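Please read through the structure below; I'll follow up with questions.
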Amino acid sequence: MSTEQRRQRNRPTTATFWRRVTAVVGALALLAGVGAAAALIQGPRLTNVTFDGSAAIETSGTRLTLTTNQALEGITADDVTVTPATDFTVDAQGRNIGVRFTSPLNDDTTYAVQIAGVSAVGGGPEVTLETSVTTAPASIVMLQREGTGGFDMIVAMPIDGMTRETIFTHEHIEEVRVAPDALVILVEEDERSAIIITDRDGTNPRYVTLPGDGYVTSLQVAHRGGAFGYLFTDRELTETSGRASILYTASVHVPEATPVELELASTDPSVGDWMFVPDSQSILVVTFAGDLLLAEGESSALLGTAYAIDGISRGTYEAIIDRSGVPVGVNLQTGVETPIELPALSGTPGPVEPAANGGQLWAVTQRDEAGMPTGHAIELVAADGSVRSVVVNEKTEPILQFCVSPSGQYVAAIVAPDYANNPYDTYTRPMPKTVTRIVDVTDGSVISELNGFDVSWCSRSQL
């Protein structure tokens, strides 16, 4: 038999070909049916988990998304457990379950998430889905002034200070604020204020358009939306002309745009104290006239009077304001005020900051019977009224400012060592030589002692 004859003999007929195709299709259909049946028997399974562990320690509202292999019946917050416990909301649609954390999370921490009673649309067994996510270790950006003849530096580092990277230098830096994707830097050039915006790593510097020739103070950034603001005073100022301490806002992403003056329903447009409301672009303001206003866009609402703003809790919209030495809590959503009873602190109370779990952190000056300072402290007042010292310093080391990390896990205490022999510099915002101590709020342990101030956790200057 020739080669060609053998080929003809082995070539399948059309009928044979279609029988084979039908068999393959049937087998695949059978496998698909078996797979569907197996999925129905096993219940939903996780196929993907997305989470930004770096954003979660800096901002509220970070989302953990769990994706399953089947569309799900309704999931509620009652079905979800997060350990360690933290506040969250839940939304679920189709194959996705979203867990939104309403406050920043602790750094370098593993959170276990369990979702009970999960079932597919159309029936099948209920299952429990489990996963875990780990947040990033905390890091900070801070300002180091080198003084006359040297360059000021903005330095990035982990909170233990073991490694440091200089990311920006300038001959004269007054303040630095850290936005989610940028640095906003207040400098002085030719005896005038200027604002420089860079990327988060200090690169790509560009100048901001200011309202005129003058001076800028109280630089702040919003946690969301890319807004920043400052107080502006004209260089030429008289009793009858010029702007004094007027609040302007602008965009981090469009630094060349003309800044916007904040319109305030007050008898005096000059601003004495102000603060962005966390997780929004609303602004809480105290004017020279003592009016307390909540401003958003082109409107503002009067919330009474105040002397200063101590702080605003993330995720709760609760502000602590100072009314001539008397702290008052104000809910910025409802306007309802709650008197804050002065706790049993170890000395004279000073500035107060909201802390985690409904507590407050107070700066305290301890005094002898004659009223002379004997020491300085930061004390934690828990929600149940109990008081515990977090930082305790000698009288020669006053605490100039303190800032709480986004989750309330750490406090940065800015200290002036050997205060009596520690002269202030000649900047518009004068500072002595400072160190910043990073302290764990849980047990008061000192994590690091770093040269400099304006830690990125500080939303504003209190000096």
Side-chain angles (χ1 to χ4, degrees), residues 175 177 211 214-222 227-234 237-249 259-278 280-313 316-343 348-354 360-365 400-403 428-429 458-463:
E175 301 181 35
R177 296 289 172 260
Y215 303 102
V216 170
T217 58
S218 189
L219 181 67
Q220 298 183 43
V221 298
F228 70 97
Y230 51 87
L231 302 182
F232 179 82
T233 299
D234 282 314
L237 186 64
T238 70
E239 292 183 0
T240 58
S241 66
R243 295 164 290 187
S245 199
I246 301 300
L247 181 55
Y248 285 86
T249 61
V260 177
E261 180 181 347
L262 194 68
E263 298 291 337
L264 298 173
S266 174
T267 57
D268 191 335
S270 297
V271 172
D273 197 8
W274 74 283
M275 189 175 182
F276 277 112
V277 178
S280 76
Q281 292 191 58
S282 298
I283 299 174
L284 190 62
V285 176
V286 177
T287 69
F288 279 14
D291 293 326
L292 177 69
L293 301 119
L294 181 63
E296 185 170 1
E298 297 181 355
S299 63
S300 60
L302 183 64
L303 298 178
T305 61
Y307 174 76
I309 303 165
D310 287 318
I312 305 173
S313 296
T316 65
Y317 302 103
E318 291 283 340
I320 300 175
I321 64 167
D322 183 347
R323 285 205 174 124
S324 299
V326 179
V328 177
V330 179
N331 186 303
L332 300 181
Q333 292 180 309
T334 64
V336 174
E337 296 187 5
T338 305
I340 297 176
E341 295 185 10
L342 289 176
T348 305
V352 57
E353 287 274 355
Q360 294 116 25
L361 283 163
W362 291 75
V364 175
T365 301
L400 303 180
Q401 182 179 4
F402 69 95
C403 311
T428 302
R429 178 193 174 193
C458 301
S459 61
R460 58 188 178 142
S461 167
Q462 294 179 343
L463 302 174

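As the structure is a prediction and not an experimental result, all values here were calculated from the model.
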>> Contact between D322 and V286 at the side-chain level, heavy atoms closer than 4.5 Å - yes or no?
In response: no
> Looking only at heavy atoms, which two atoms of P327 and W362 are closest? And how far apart?
Replying inline: CG-CH2, 3.6 Å
> Which distance, rounded to the nearest 0.5 Å, do you find between the CG of L293 and the CD1 of I283?
Replying inline: 11.5 Å
> Any side-chain heavy atom of V285 sitting closer than 4.5 Å to one from S300?
Replying inline: no
>> With a 4.5 Å cut-off on side-chain heavy atoms, are Q360 and D310 touching?
In response: no
>> Tell me the closest heavy-atom pair linking A319 and L284, and the distance in Å.
In response: CB-CD2, 3.9 Å
> Considering only heavy atoms from C-beta outward, does the side chain of E261 approach that of P211 to under 4.5 Å?
Replying inline: no
> Nearest heavy-atom pair of S459 and Q220: which atoms, and what distance?
Replying inline: O-CG, 3.4 Å
>> As a quick check of understanding, evaluate side-chain contact (heavy atoms from CB on, under 4.5 Å) for V271 and L264, giving each step before the final call.
In response: CA-CA 9 Å; V271 172; L264 298 173; 3.8 Å; yes
> About how many Å separate CD of E353 and CD1 of I320, when rounded to the nearest 0.5 Å?
Replying inline: 8.0 Å
> Mind checking whether I309 and R460 have side chains closer than 4.5 Å, heavy atoms only?
Replying inline: yes
> Looking only at heavy atoms, what is the nearest atom pair of L294 and L332, with distance?
Replying inline: CD2-O, 3.5 Å
> Do S461 and E175 come within less than 4.5 Å of each other through their side chains, counting heavy atoms only?
Replying inline: yes
> So how far is it from D234 CG to I246 CD1, rounded to the nearest 0.5 Å?
Replying inline: 9.0 Å
>> Could you measure the distance from the CZ atom of F276 to the CD1 atom of I312? Nearest 0.5 Å is fine.
In response: 11.0 Å
> Atom OG1 of T305 and atom CZ of R323: how far apart are they, to the nearest 0.5 Å?
Replying inline: 4.5 Å
> How long is the span from the CG atom in L247 to the CZ atom in F232, to the nearest 0.5 Å?
Replying inline: 13.0 Å
> Side chains of T267 and D291: closer than 4.5 Å at any heavy-atom pair?
Replying inline: yes
> When you look at OH of Y307, are more than 12 heavy atoms from neighbouring residues, nucleotides or ligands closer to it than 6.0 Å?
Replying inline: no
>> For a quick test of reading the model, state the closest non-hydrogen atom pair linking E337 to V330 and the distance between them.
In response: CG-CG2, 3.9 Å
> Can you tell me if R177 and Y230 form a side-chain donor-acceptor pair at under 3.5 Å?
Replying inline: no
>> T287 and side-chain contact (heavy atoms from CB on, under 4.5 Å): which single residue from S270, S245, S266, P269 fits?
In response: S266
> Is there side-chain contact between V216 and Y248, with heavy atoms separated by less than 4.5 Å?
Replying inline: no
>> Ignoring hydrogens, what is the shortest heavy-atom contact between S280 and A222? Give both atom names and the distance.
In response: O-CB, 3.9 Å
